[in-house]
Amino acid sequence: MTTSKHPDIPKKVLEYENFLNEVLREDLRKVLDSRDQVFNQIAEYLQLRTVIERIQESKLEKGELKTKIDLGCNFYAQAVVPDASKIFVAIGFGFFVEFTLPEALKFIEKKVSQLTEKSEKLTKDAAKIKAHIKLVLEGLKELQNITDQPEEKKTVVM
């Protein structure tokens with residue numbers, strides 16, 4: 001196929017390029033951004049689990065806990081927690097639930113498992129979108145008669 005035989009080819013090429021750049025690449029960016037947010041949530045829950053385990057190991061849950069709280073922009077304030085046996089955990093949508101430390105650990109395990117499944121689904125979605133991008137690129141190459149064949153090496157005999 002050459003463009004002289006089919007005058008619609010340049011128009012189709014532009015449509016496919018537009019679809020590739022406006023739709024597929026944007027969808028891929030959104031999916032990867034969502035997956036990064038899920039990874040950040042997983043990291044926060046794992047960090048919280050580590051803190052809870054350290055509190056349990058040091059037997060601080062029975063007494064008073066002195067700590068520093070990040071107020072933002074690396075400004076810290078000293079804080080005293082009179083009863084470290086309970087903790088408030090963000091469960092989503094701006095809601096917090098008061099848990100005992102063992103309950104919080106159970107919740108964190110379930111939440112991390114759920115978020116891991118979500119990240120795996122997003123990874124699969126990203127792979128599908130990448131496959132669609134590759135398919136469109138191959139279609140564009142075919143429409144434009146571009147080949148990926150490497151140049152043949154010519155030997156010079158003297």
Side-chain angles (χ1 to χ4, degrees), residues 8-144 146-148:
D8 295 346
I9 289 180
K11 183 180 174 187
K12 287 290 182 191
V13 168
L14 285 175
E15 288 177 9
Y16 280 122
E17 286 177 350
N18 189 36
F19 177 72
L20 177 73
N21 292 323
E22 303 275 327
V23 177
L24 292 178
R25 292 188 196 269
E26 185 63 24
D27 288 349
L28 180 62
R29 185 191 60 77
K30 287 178 183 176
V31 167
L32 293 177
D33 287 347
S34 295
R35 188 182 68 174
D36 289 344
Q37 289 176 349
V38 170
F39 285 150
N40 288 336
Q41 288 178 329
I42 290 171
E44 288 178 7
Y45 279 112
L46 293 177
Q47 183 180 11
L48 178 60
R49 182 181 71 191
T50 302
V51 169
I52 291 171
E53 289 170 349
R54 297 298 169 260
I55 289 172
Q56 287 179 326
E57 288 172 4
S58 60
K59 308 286 187 213
L60 290 174
E61 60 188 284
K62 304 288 186 224
E64 198 174 81
L65 173 67
K66 293 182 180 179
T67 186
K68 289 185 180 180
I69 303 295
D70 186 4
L71 300 175
C73 297
N74 289 326
F75 287 104
Y76 291 89
Q78 290 187 356
V80 176
V81 179
D83 180 17
S85 65
K86 294 189 178 185
I87 187 171
F88 283 93
V89 178
I91 60 168
F93 300 107
F95 291 102
F96 292 82
V97 173
E98 184 178 23
F99 287 118
T100 63
L101 298 182
E103 290 172 340
L105 289 174
K106 287 180 188 175
F107 171 78
I108 290 169
E109 289 305 314
K110 288 180 183 178
K111 189 69 172 181
V112 167
S113 175
Q114 175 209 12
L115 290 171
T116 301
E117 288 176 13
K118 186 175 181 179
S119 71
E120 290 169 356
K121 181 190 177 304
L122 290 169
T123 300
K124 288 178 184 176
D125 291 347
K128 287 179 185 177
I129 293 170
K130 287 178 184 178
H132 289 140
I133 288 173
K134 189 168 185 164
L135 183 69
V136 171
L137 287 173
E138 290 299 320
L140 284 170
K141 285 179 186 177
E142 188 175 313
L143 279 174
Q144 296 173 333
I146 300 173
T147 59
D148 274 343

TODO: Show the numbers, then the answer: is there a side-chain contact (heavy atoms from CB on, under 4.5 Å) between Lys111 and Leu115?
DONE: CA-CA 6 Å; Lys111 189 69 172 181; Leu115 290 171; 4.1 Å; yes
TODO: Would you name the heavy atoms of Ala79 and Ile69 that are closest together and state the gap between them?
DONE: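 Closest approach of Ala79 to Ile69: CB-CG1, 3.6 Å.
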- [ ] Work out which heavy atom in Ile55 is nearest to a heavy atom in Ala84; give both atom names and the distance.
- [x]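 Closest heavy-atom pair between Ile55 and Ala84: CG2-O, 4.3 Å.
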Approximate separation, where rounding is to 0.5 Å, of [X] [atom1] and [Y] [atom2]:
X      : Y      : atom1 : atom2 : result
Ile52  : Leu48  : CD1   : CG    : 4.0 Å
Ser119 : Gln37  : OG    : CD    : 13.0 Å
Glu26  : Asn21  : CD    : CG    : 10.5 Å
Leu20  : Leu137 : CG    : CG    : 5.0 Å
Arg35  : Lys121 : CZ    : NZ    : 13.0 Å
Ile108 : Tyr45  : CD1   : OH    : 8.0 Å

Task: side-chain contact (heavy atoms from CB on, under 4.5 Å), paired with Val38, selected from Asn40, Asp36, Ile42 - done: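 The residue from Asn40, Asp36, Ile42 that satisfies side-chain contact (heavy atoms from CB on, under 4.5 Å) with Val38 turns out to be Ile42.
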- [ ] Kindly determine whether Arg54 and Glu57 satisfy salt bridge (Lys or Arg N to Asp or Glu O under 4.0 Å), including the steps that lead there.
- [x] CA-CA 5 Å; Arg54 297 298 169 260; Glu57 288 172 4; 3.4 Å; yes
- [ ] Please check if any side-chain donor atom of Thr100 sits under 3.5 Å from a side-chain acceptor atom of Glu103, or the reverse.
- [x]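 Judged by distance alone, the side chains do pair up.
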Task: Test ring-ring contact (aromatic ring centres under 6.0 Å, His included) applied to Phe107 - qualifying residues, sequence neighbours left out - done: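 Phe107 satisfies ring-ring contact (aromatic ring centres under 6.0 Å, His included) with Phe99 only.
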Open item on the list: Tell me every residue that passes side chain to side chain contact (heavy atoms under 4.5 Å, CB included) with Glu15, counting only those two or more places apart in sequence or in another chain.
Closed with: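 With neighbours one apart ignored, the set is Lys11, Lys12.
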Open item on the list: For Val112 and Thr116: C-alpha separation, side-chain torsions, deciding distance, then whether side-chain contact (heavy atoms from CB on, under 4.5 Å) applies.
Closed with: CA-CA 6 Å; Val112 167; Thr116 301; 4.0 Å; yes
Task: Whether over 12 other heavy atoms sit under 6.0 Å from Glu98 CD - done: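 It does: Glu98 CD has more than 12 such atoms within range.
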Open item on the list: According to salt bridge (Lys or Arg N to Asp or Glu O under 4.0 Å), who are the partners of Lys118, at least two apart in sequence or on a separate chain?
Closed with: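 Applying salt bridge (Lys or Arg N to Asp or Glu O under 4.0 Å) to Lys118 gives none.
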Open item on the list: Set out, in order, the CA-CA distance, both residues' side-chain angles and the distance that settles side-chain contact (heavy atoms from CB on, under 4.5 Å) for Glu138 and Lys141, then state yes or no.
Closed with: CA-CA 5 Å; Glu138 290 299 320; Lys141 285 179 186 177; 3.8 Å; yes
Task: Side-chain donor or acceptor of Ser34 paired with backbone N/O of Lys30 under 3.5 Å - done: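 Yes: the side chain of Ser34 pairs with the backbone of Lys30.
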Got [X] and [Y] here, is their nearest side-chain heavy-atom distance under 4.5 Å?
X     : Y      : value
Leu71 : Tyr76  : no
Glu53 : Leu105 : yes
Ile91 : Phe96  : no
Val89 : Val97  : no

